[in-house]
Amino acid sequence: MAGLLDGKSALITGGGGGIGRATALIFAREGARIAVADASEEAASQTVALVNAAGGQAISLGGDVTDSAQVQAMIASVVSAFGRIDCAFNNAGIAGYQVGASGKKTHEWSDDAFDRMIGVNLKGVWLCMKHQIPQMIAQGGGKIVNTGSIAGLIGLPTSSAYVASKHGVLGLTKTAALEYAADNIRVNAVCPGYIETKMTEDTMRRKGEQLMNQVPFGRMGKPEEIGEMVLWLCSDRSSYVSGACYNVDGGYMAI
Ligand code: NDP
């Protein structure tokens with residue numbers, strides 16, 4: 001049976017682990033050639049090794065999504081390797097504990113922690129789109145999926161700048177969807193709930209049981225469960241979908 005992404009090329013940021021890695025493996029299963037990008041090129045290479053072992057085709061790229069020149073170089077490398085970028089999954093992100101803001105309320109965040117969070121999670125997504133879109137216009141279209149979060153839809157105590165960054169990602173997504181509809185570029189977001197990755201280990205250790213009581217499914221999601229939504233949004237199966245934000249959260253947002 002033909003894969004949903006046969007003959008397509010894809011870029012995945014934050015592909016060195018978690019949701020990005022799982023999505024790379026799903027894209028490979030569906031026939032895409034994948035550029036796996038991550039702040040750590042070593043982590044990206046480990047994902048590429050997994051993709052290759054599964055019979056897929058991938059390249060690894062290092063690069064910091066907060067740096068415009070590095071993002072531009074990353075996009076150029078994908079085009080040089082594959083000729084085009086059909087699908088872009090802008091997924092790199094960080095959590096509060098990674099900027100020393102674990103458990104801190106709004107007034108307790110440091111200026112540096114706030115700036116770093118917005119820099120990676122919001123500006124990083126914008127920079128990726130900024131450099132992907134001209135290529136997609138030139139090649140006649142493309143699909144972009146940005147990683148939002150349930151934190152992009154509601155407030156979450158002690159996650160101030162994270163929540164702000166993810167609300168921002170949804171705003172960028174909707175705006176770009178309007179701006180580039182006529183260029184055949186679809187732009188959507190996936191909003192994961194609590195997913196089993198390195199990012200949630202700290203939170204789960206501190207208050208996992210309490211949080212799972214708030215999830216109708218009573219469990220965390222698996223990275224692959226996000227990847228399947230990203231696949232659908234990047235495939236022609238979702239041909240009439242743009243500017244949308246899909247929750248994949250075990251029912252959390254329905255409460
Ligand atoms: P991971 O920490 O496993 O993955 C995030 C990846 O992003 C890491 O590989 C990390 O690289 C990379 N990264 C971080 N900063 C940068 C940067 N400046 N430039 C390039 N790459 C960077 O976590 P997840 O897979 O869980 O997170 C993926 C996305 O999903 C994030 O945007 C996150 O906010 C979002 N999300 C996750 C949820 C969850 O419950 N896990 C819930 C909702 C949203 P490295 O580790 O090498 O620094």
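Nothing here was measured: the structure is a model prediction, and the numbers come from that model.
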- For C245 against K174, the heavy-atom pair lying closest together: SG-CE, 4.0 Å
- Determine the minimum heavy-atom distance between G251 and P216, stating which atoms define it. O-CG, 3.4 Å
Using a 3.5 Å cut-off and no angle test, enumerate the donor-acceptor pairs between side-chain atoms of residues 68-80 and protein atoms at least two apart in sequence or in another chain.
unit_1, atom_1, unit_2, atom_2, d
S68, OG, H131, NE2, 3.0
Q70, OE1, D64, N, 2.8
Q70, NE2, D67, OD2, 3.3
S77, OG, A73, O, 3.0

- Message: What I'd like to find out is whether the side chain of T66 reaches to under 4.5 Å of the side chain of K123, using heavy atoms alone.
- Response: no
- Query: Are any side-chain N or O atoms of D6 and backbone N or O atoms of G3, one a donor and one an acceptor, separated by less than 3.5 Å?
  - Reply: yes
- Note on the structure: Between I26 and L231, the two heavy atoms sitting closest are CG2-CD2, 3.8 Å
- Query: Judged by atom type as modelled, is there a donor-acceptor pair below 3.5 Å linking the side chain of S110 to the main-chain atoms of A113?
  - Reply: yes
- Straight-line distance of D183 CG to I137 CD1, nearest 0.5 Å: 4.5 Å
- Note on the structure: Which of T197, T47, D38 passes side-chain hydrogen bond (donor to acceptor under 3.5 Å, both in side chains) with R21? Answer is T47
- Residues clustering with M204 (ILVMFWY side chains joined when closer than 4.5 Å, directly or via others): I150, L153, I154, L156, V163, L170, Y194, L211, M212, V215, F217, M220, Y252, M253
- Query: Is the shortest side-chain N to carboxylate O distance from E224 to R29 below 4.0 Å?
  - Reply: no
- Message: Would K222 and I195 count as a side-chain contact (heavy atoms from CB on, under 4.5 Å) here? Give the steps.
- Response: CA-CA 6 Å; K222 297 189 183 311; I195 309 301; 5.8 Å; no
- Are any non-hydrogen side-chain atoms of V99 and W109 less than 4.5 angstrom apart? yes
- R206 bridged to D202 by N-O distance under 4.0 Å: yes
- Item | Hydrophobic cluster membership, V187 vs M136, 4.5 Å side-chain cutoff | yes
- Please check if I226 and I34 belong to a single hydrophobic cluster, counting links between Ile, Leu, Val, Met, Phe, Trp and Tyr side chain heavy atoms closer than 4.5 Å. yes
- Task: Look at atom CG of N213 and say whether more than 12 heavy atoms of other residues, nucleotides or ligands are closer to it than 6.0 Å.
- Result: yes
- Ignoring hydrogens and geometry, is there a side-chain-to-backbone donor-acceptor pair from S238 to S235 under 3.5 Å? yes
- Roughly how far apart are L178 CG and S242 OG, rounded to 0.5 Å? 8.0 Å
- Residue pair N91 / T23, side-chain donor-acceptor N/O under 3.5 Å: no
- Message: Return the CG to CH2 distance between N146 and W126, rounded to the nearest 0.5 Å.
- Response: 13.5 Å
- Any pair with a residue in residues 149-191 that passes ring pair (Phe, Tyr, Trp, His ring centres under 6.0 Å), sequence neighbours left out, goes on the list, sorted by first then second residue, please. none
- Can you tell me how far CE of M117 sits from CG of D115, rounded to the nearest 0.5 angstrom? 11.5 Å
- Message: Any heavy-atom pair between the side chains of P192 and D249 that's under 4.5 Å?
- Response: no
- Task: Return the minimal non-hydrogen interatomic distance between A189 and L233, and the atom names on each side.
- Result: O-CD1, 4.1 Å
- Note on the structure: Partner of K143 under side-chain hydrogen bond (donor to acceptor under 3.5 Å, both in side chains), picked from N184, D236, D86, is D236
- Task: Go through the steps for I144 and R186 under the test side-chain contact (heavy atoms from CB on, under 4.5 Å), then give the verdict.
- Result: CA-CA 6 Å; I144 295 174; R186 295 194 288 110; over 6 Å; no
- Query: Please walk me through it: do I12 and V36 pass side-chain contact (heavy atoms from CB on, under 4.5 Å)?
  - Reply: CA-CA 5 Å; I12 298 177; V36 179; 5.6 Å; no
- Item | Contact summary for G18 and P223, nearest pair of heavy atoms | O-CB, 3.6 Å
- Message: According to a hydrophobic-cluster definition based on side-chain heavy atoms being under 4.5 Å apart (Ile, Leu, Val, Met, Phe, Trp, Tyr only), do F89 and L11 belong together?
- Response: no
- Would L4 and Y246 show up in the same hydrophobic cluster when neighbours are defined by side-chain heavy atoms closer than 4.5 Å? yes
- Judged by atom type as modelled, is there a donor-acceptor pair below 3.5 Å linking the side chain of T158 to the main-chain atoms of K105? no
- Item | Nearest heavy atoms of G56 and A28, plus distance in Å | CA-CB, 4.2 Å
- side-chain contact (heavy atoms from CB on, under 4.5 Å) between W232 and V241, intermediate numbers included: CA-CA 10 Å; W232 182 73; V241 178; 3.8 Å; yes
- Message: With a 4.5 Å cut-off on side-chain heavy-atom distances among I, L, V, M, F, W and Y, is there a chain of contacts connecting F27 to V145?
- Response: yes
- Message: Under the criterion side-chain hydrogen bond (donor to acceptor under 3.5 Å, both in side chains), I'd like the reasoning laid out for R33 against S9: C-alpha separation, chi angles, the key distance, then a yes or no.
- Response: CA-CA 5 Å; R33 289 167 300 165; S9 79; 5.0 Å; no
- Item | From CD (E196) to CD (E225), nearest 0.5 Å | 8.5 Å
- Message: Set out, in order, the CA-CA distance, both residues' side-chain angles and the distance that settles side-chain hydrogen bond (donor to acceptor under 3.5 Å, both in side chains) for Q132 and N90, then state yes or no.
- Response: CA-CA 10 Å; Q132 289 156 358; N90 299 321; 2.8 Å; yes
- Note on the structure: Distance col, row K8:NZ vs I85:CD1, nearest 0.5 angstrom, shows 13.5 Å
- Side chains of C191 and V248: closer than 4.5 Å at any heavy-atom pair? no
